[in-house]
Amino acid sequence: MPSLNIGKLLGKTAFHRSQTLGYRNGYAIVRRPTVGIGGDRLQFNQLSQAELDELASKAPVLTYGQPKQAPPADFIPAHVAFDKKVLKFDAYFQEDVPMSTEEQYRIRQVNIYYYLEDDSMSVIEPVVENSGIPQGKLIKRQRLAKNDRGDHYHWKDLNRGINITIYGKTFRVVDCDQFTQVFLESQGIELNPPEKMALDPYTELRKQPLRKYVTPSDFDQLKQFLTFDKQVLRFYAIWDDTDSMYGECRTYIIHYYLMDDTVEIREVHERNDGRDPFPLLMNRQRMPKVLVENAKNFPQCVLEISDQEVLEWYTAKDFIVGKSLTVLGRTFFIYDCDPFTRRYYKEKFGITDLPRIDVNKQEPPPVKQELPPYNGFGLVEDSAQNCFALIPKAPKKDVIKMLVNDNKVLRYLAALESPIPEDKDRRFVFSYFLATDMISIFEPPVRNSGIIGGKYLGRTKVVKPYSTVDNPIYYGPSDFFIGAVIEVFGHRFIILDTDEYVLKYMESNAAQYSPEALASVQKHVRKLEAPASESESKQTEKDPGVQELEALIDTIQKQLKDHSCKDNIREAFQIYDKEASGYVDRDMFFKICESLNVPVDDSLVKELIRMCSHGEGKINYYNFVRAFSN
């Protein structure tokens, strides 16, 4: 154990050790002690003056072993390293021209751009003004396939003096720019020598000056210009195109300029003629009269005609009043000219007779409108409306007649005239509507007859037989009477019976009916009323309960005054009373009453049915119907 220097410790009071642990900015740190026990400074961590001088004069040497390797450089992606760096190559390709006689192929120069950032390529053809060829970007920027295995073109595949195929077109690379050359050489690629750009033969031919052949002429055009300046022959002509569809006869003015033998055709517009105001049909130009044999197929519409294609031009002597002139495929007839033109022809050609020709055509007589034949569908009046207007309208109706005869219907009972035995017992109800002169036919259903009853014919007008299609004659009220034969679309019906309203209508409008028709209906009604009156008289004489029946009928009439009229009930019973005896079966009687909603459950009606019953299971419906008359 080392001994302590007691002399140094005298007079000292602090013998603790120095604190070496602490915190700085929230972090724990270790500090070397600077003083020892008793507060004396420690010399362990301090250098002497000699050591300091030695360090100041000592050259620095490596004292910590091998140096550490420098960190690797930061990674730079290709799209950053090669951004905006593009390789440019000059190339051309050959295009065939099959439809031209002046050139067999065409050389088109292009620029091929290779973008290093994403290995994409584009082909752009410099735009030549008025070339008539779609130019500019031929192939948009994309990665281009090199072969069928899916490989793409790389900048290592590009060089001068090689052929590359892109989408079926072969491009010849002839040169590149300075940046491309430096880049490829820096990557160790040996460039081929540059080639000369191929030129288009047709373009070079167009650059050569055209040879001009000037043949001296004896005709002095300057003298003609100075002599006939502002002198114009004016002719009035027509173009008759009425033979074609929608053609018409139009007037024109033909101007012939004497100064240069040119012709101009102007249109004559009238007010509200419906045409666009184009002033000229043909612009001022020379008109060929006879072409060369080989120039008949010359495209005159797109190319100008020169003296090489024309044997003879139109001159002033070809324009004569009264003669036709063919210009641009149109035949113009000259019918008049102005006074100056007449004087010129008299002095120049000695023609004095140039009268005006009347070209006004007389209007043809109006064409009579004839309707096409009736096709059998619908009514004739409805079908005819399609011929009068593009959008057909319903034919006009007699409104007064419809208002006067509203809800007035004439009903008739008819039988079908047919050689078939099953049709002899069929009965039909004809309804004639006075408001519209239409007829509907209804066949009452008969149980176990094997024939489906119901609507036999809807409301329509029925044409009489032997009437023409152009002038049809329809059945009217005067054609319906007892025994009349009505033919409806090939089926013949015989009128057997009518209701009482028909007799009233016929008596009130006796002028519409023949005396025979009116007499037939009156006779038939009397025949039906005779059995009823005879039975009533016999019952009055023999049966003392007739007065009771009359009183019961009066009571029911007062109680059921709002019920349907007796005409409908009588008509229903008459349909099943084929023998017109005035009696029907009891079962049939109740079925008819049920279909007409007759209150048979009423006590008074039951009593009336009992009094009208017959001993053989039949009921007299004449007395029963009287109870429901208004």
Side-chain angles (χ1 to χ4, degrees), residues 231-306 309-342 344-345 349 351 353-372 386-391:
Q231 295 186 13
V232 182
L233 304 181
R234 175 176 293 182
F235 301 92
Y236 301 95
I238 61 171
W239 173 47
D240 192 356
D241 191 35
T242 54
D243 294 337
S244 62
M245 184 179 291
Y246 308 114
E248 59 182 347
C249 186
R250 302 176 60 183
T251 58
Y252 295 89
I253 297 177
I254 302 177
H255 289 160
Y256 185 89
Y257 295 86
L258 296 174
M259 57 179 293
D260 54 359
D261 297 327
T262 55
V263 181
E264 176 189 74
I265 302 178
R266 304 184 66 88
E267 295 187 9
V268 178
H269 291 279
E270 297 179 357
R271 187 176 183 182
N272 298 329
D273 59 356
R275 297 185 178 276
D276 293 334
F278 291 109
L280 294 177
L281 175 67
M282 186 187 75
N283 199 7
R284 181 178 174 181
Q285 58 183 297
R286 296 187 69 186
M287 290 302 303
K289 183 178 180 180
V290 180
L291 296 177
V292 181
E293 184 67 22
N294 298 330
K296 290 184 177 180
N297 298 327
F298 188 80
Q300 304 179 23
C301 58
V302 295
L303 297 178
E304 295 182 357
I305 297 178
S306 61
E309 290 84 16
V310 180
L311 291 178
E312 184 180 358
W313 299 89
Y314 273 109
T315 58
K317 62 181 179 180
D318 298 319
F319 294 83
I320 303 297
V321 177
K323 293 185 179 181
S324 299
L325 189 70
T326 301
V327 178
L328 298 180
R330 300 187 182 187
T331 301
F332 295 89
F333 178 75
I334 302 176
Y335 65 90
D336 196 6
C337 60
D338 61 352
F340 172 78
T341 305
R342 284 188 171 89
Y344 178 81
Y345 272 81
F349 304 106
I351 301 175
D353 188 12
L354 294 176
R356 174 185 173 87
I357 301 175
D358 188 10
V359 294
N360 296 326
K361 293 185 178 180
Q362 297 181 357
E363 295 184 0
V367 179
K368 183 180 179 182
Q369 187 176 13
E370 297 181 359
L371 297 179
N386 294 280
C387 305
F388 298 147
L390 184 61
I391 301 177

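Every value quoted in this text rests on a predicted model; they were computed, and no experiment measured them.
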Do [X] and [Y] come within less than 4.5 Å of each other through their side chains, counting heavy atoms only?
{"X": "Y335", "Y": "V321", "result": "no"}
{"X": "I253", "Y": "I265", "result": "no"}
{"X": "F319", "Y": "I254", "result": "yes"}
{"X": "E264", "Y": "L280", "result": "yes"}
{"X": "Y236", "Y": "R356", "result": "no"}
{"X": "D336", "Y": "I357", "result": "no"}
{"X": "V359", "Y": "F333", "result": "yes"}
{"X": "M282", "Y": "V327", "result": "yes"}

Relative to the ring of F349, is the ring of Y344 parallel (under 30°), tilted (30 to 60°) or perpendicular (over 60°)?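 Y344 and F349: perpendicular rings.
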For T315 and K289, run side-chain contact (heavy atoms from CB on, under 4.5 Å): C-alpha distance rounded to whole Å, both residues' side-chain angles, the deciding distance at 0.1 Å, then the answer. CA-CA 9 Å; T315 58; K289 183 178 180 180; over 6 Å; no
For T262 and R284, run side-chain contact (heavy atoms from CB on, under 4.5 Å): C-alpha distance rounded to whole Å, both residues' side-chain angles, the deciding distance at 0.1 Å, then the answer. CA-CA 6 Å; T262 55; R284 181 178 174 181; 2.9 Å; yes
Interatomic spacing from [atom1] in [X] to [atom2] in [Y] - rounded to 0.5 Å:
{"X": "T341", "Y": "F235", "atom1": "OG1", "atom2": "CZ", "result": "5.0 Å"}
{"X": "I320", "Y": "K317", "atom1": "CD1", "atom2": "NZ", "result": "10.0 Å"}
{"X": "Y257", "Y": "Q231", "atom1": "OH", "atom2": "CD", "result": "13.5 Å"}
{"X": "Y314", "Y": "R286", "atom1": "OH", "atom2": "CZ", "result": "13.5 Å"}

For the side chain of [X] and the backbone of [Y], is there at least one donor-acceptor N/O pair under 3.5 Å apart?
{"X": "D358", "Y": "N360", "value": "yes"}
{"X": "Y256", "Y": "A316", "value": "yes"}
{"X": "R250", "Y": "I238", "value": "no"}

For side-chain contact (heavy atoms from CB on, under 4.5 Å), just list the numbers for D241 and Y246, CA-CA rounded to whole Å, side-chain angles, deciding distance to a tenth of an Å, and then say yes or no. CA-CA 8 Å; D241 191 35; Y246 308 114; over 6 Å; no
Mind checking what makes side-chain hydrogen bond (donor to acceptor under 3.5 Å, both in side chains) contact with D240, not counting sequence neighbours?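 By the side-chain hydrogen bond (donor to acceptor under 3.5 Å, both in side chains) rule, D240 matches T242, K361.
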Show the nearest heavy-atom pair for residues [X] and [Y], with the distance to one decimal.
{"X": "L354", "Y": "C337", "value": "CD1-SG, 4.4 Å"}
{"X": "D276", "Y": "H269", "value": "O-CE1, 3.2 Å"}
{"X": "L325", "Y": "D318", "value": "CD1-O, 4.2 Å"}
{"X": "H255", "Y": "V232", "value": "CB-CG1, 3.8 Å"}

For the ring pair Y252 and F332, is the centre-to-centre distance below 6.0 Å?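 Yes - the distance between ring centres of Y252 and F332 falls below the 6.0 Å cut-off.
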